[in-house]
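The structure appears right after this line, and notes come after that.
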Amino acid sequence: MARRKKIYEGKAKILYEGPEPGTIVQYFKDDATAFNAEKRDVIEGKGVLNNRLSEFFMTGLGTVGVPTHFLKRLNMREQLVRQVEIIPLEIIVRNLAAGTMAKRLGLEEGEALPRPIVEYCLKDDKLGDPLVSEEHIFAFGWASQQDLDDMVALALRVNDFMSGLMYGVGIKLVDFKIEVGRLWDGDFQRLIVADEISPDSCRLWDIETGQKLDKDVFRRDLGNLADAYTEVARRLGVLPANATPIIKPTLIN
Ligand code: 5GP
């Protein structure tokens, strides 16, 4: 059997050439990294959970008219997605102060923000994904004004959708990052949500207890990461209500 071609291996995912032109297979690894890969571990079951959760969020976004790269889940760890040109920016939306923003501006974690705040980081591991301004983005040609307007509009729609979804299961969406890809259709292009949306890329706090249910559990040594992601999946109905902390997750089709 011919081996499929690996296109790219990142910290949490591997991309393979897809079965049709314009498609990619996205494989979710169990590897967890933080602080620009200075901290790393393998969390059994994380890839399976993120594959399923990203499918759930991207499918939901599709139903409310937010375009994404997601086509279909192939198996426990892989999904078929559209091939796009990734714009080299991370778009972060924040509803409450936390993480690097709280630190940078001397805010209390959990402090309400006057409104959702959008930030941009350059996707560059060697530089630790530095925060950049619109001036940098336009001057260095990473994206045009129109691209950025479209990216912000997408990110705010993702925020509205995800905030509501999470609120419904007793979870606050504190912040998240998305990546956006350029899809060409002849001479025309449109921007769509790409990469993944999962507890790796969001901050999720239980509304009642404040318990963290996201990658901060790993970053800050707060307990078992797979247990936290299992809880998110269970509340959303992605795993059965009686799901036990991950040994081998059972998927509901
Ligand atoms: P912060 O800037 O506070 O570290 O992160 C803000 C939000 O964006 C958090 O939800 C965090 O998980 C997400 N985020 C920022 N950078 C990255 C990244 O490089 N990878 C992932 N998976 N998420 C990120």
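Read the numbers this way: they start at 1 and go in the same order the structure lists the ligands and their atoms.
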*asked:* At less than 4.0 angstrom from any non-hydrogen atom of Phe176, what atoms of ligand 1 do you find?
replied: 8 (O), 10 (O)

*Would you say the side-chain atoms of Ser163 pair up with the backbone N or O of Asp160, donor to acceptor, closer than 3.5 Å?*
no

*Mind checking whether Ile197 and Phe176 have side chains closer than 4.5 Å, heavy atoms only?*
no

*Taking the side chain as every heavy atom from C-beta outward, state whether His136 and Trp142 have any pair of such atoms under 4.5 Å apart.*
yes

*Under 4.5 Å between any side-chain heavy atoms of Lys11 and Arg40, yes or no?*
no

*asked:* Counting only heavy atoms, tell me which of Val93, Asp175, Asp125 gets closest to atom 9 (C) of ligand 1.
replied: Asp175

_Which residue and heavy atom of the protein sit nearest atom 16 (N) of ligand 1, plus the separation_ = Glu90 OE1, 3.3 Å

*May I ask you to list the atoms of ligand 1 that are less than 4.0 angstrom from any heavy atom of Asp200?*
12 (O), 21 (C), 22 (N), 23 (N)

*Numbering as shown, the atoms of ligand 1 that approach Gly99 to under 4.0 Å (heavy-atom distance)*: 3 (O)

_For atom 8 (O) of ligand 1, what is the closest protein heavy atom, and at what distance to 0.1 Å?_
Lys177 CB, 3.5 Å

*Run the contact test for Lys103 against ligand 1 with a 4.0 Å cut-off on heavy atoms, strictly below, and give the result.*
no

*Do Ile91 and Val118 have side chains that get closer than 4.5 Å, going by heavy atoms?*
yes

*Report the nearest protein non-hydrogen atom to atom 5 (O) of ligand 1: residue, atom name, distance rounded to 0.1 Å.*
Arg203 NH1, 3.6 Å

*For ligand 1, which part of Cys121 has a heavy atom less than 4.0 Å away: the side chain, the backbone, both, or neither?*
neither

*ligand 1-proximal atoms of Asp129, by part, heavy-atom distance under 4.0 Å*: side chain

*asked:* Is there a side-chain contact between Phe57 and Glu196 in this structure, where contact means two heavy atoms from C-beta onward sitting under 4.5 Å apart?
replied: no

*Can you name the nearest heavy-atom pair linking Leu213 to Pro199, along with the distance?*
O-CB, 3.9 Å

*For atom 11 (C) of ligand 1, find the nearest protein heavy atom and state the residue, atom name and distance (0.1 Å precision).*
Arg219 NH2, 3.7 Å

*asked:* Heavy-atom distances under 4.0 Å decide this one: backbone, side chain, both or neither, for Glu119 against ligand 1?
replied: neither

*asked:* For a quick test of reading the model, state the closest non-hydrogen atom pair linking Leu122 to Pro88 and the distance between them.
replied: CD1-O, 3.4 Å

*Look at the side chain of Arg157 and the backbone N and O of Val64, then say whether any donor-acceptor pair between them is shorter than 3.5 Å.*
yes

*Considering only protein heavy atoms, which is closest to atom 4 (O) of ligand 1, and at what distance to one decimal place?*
Thr100 CG2, 3.5 Å

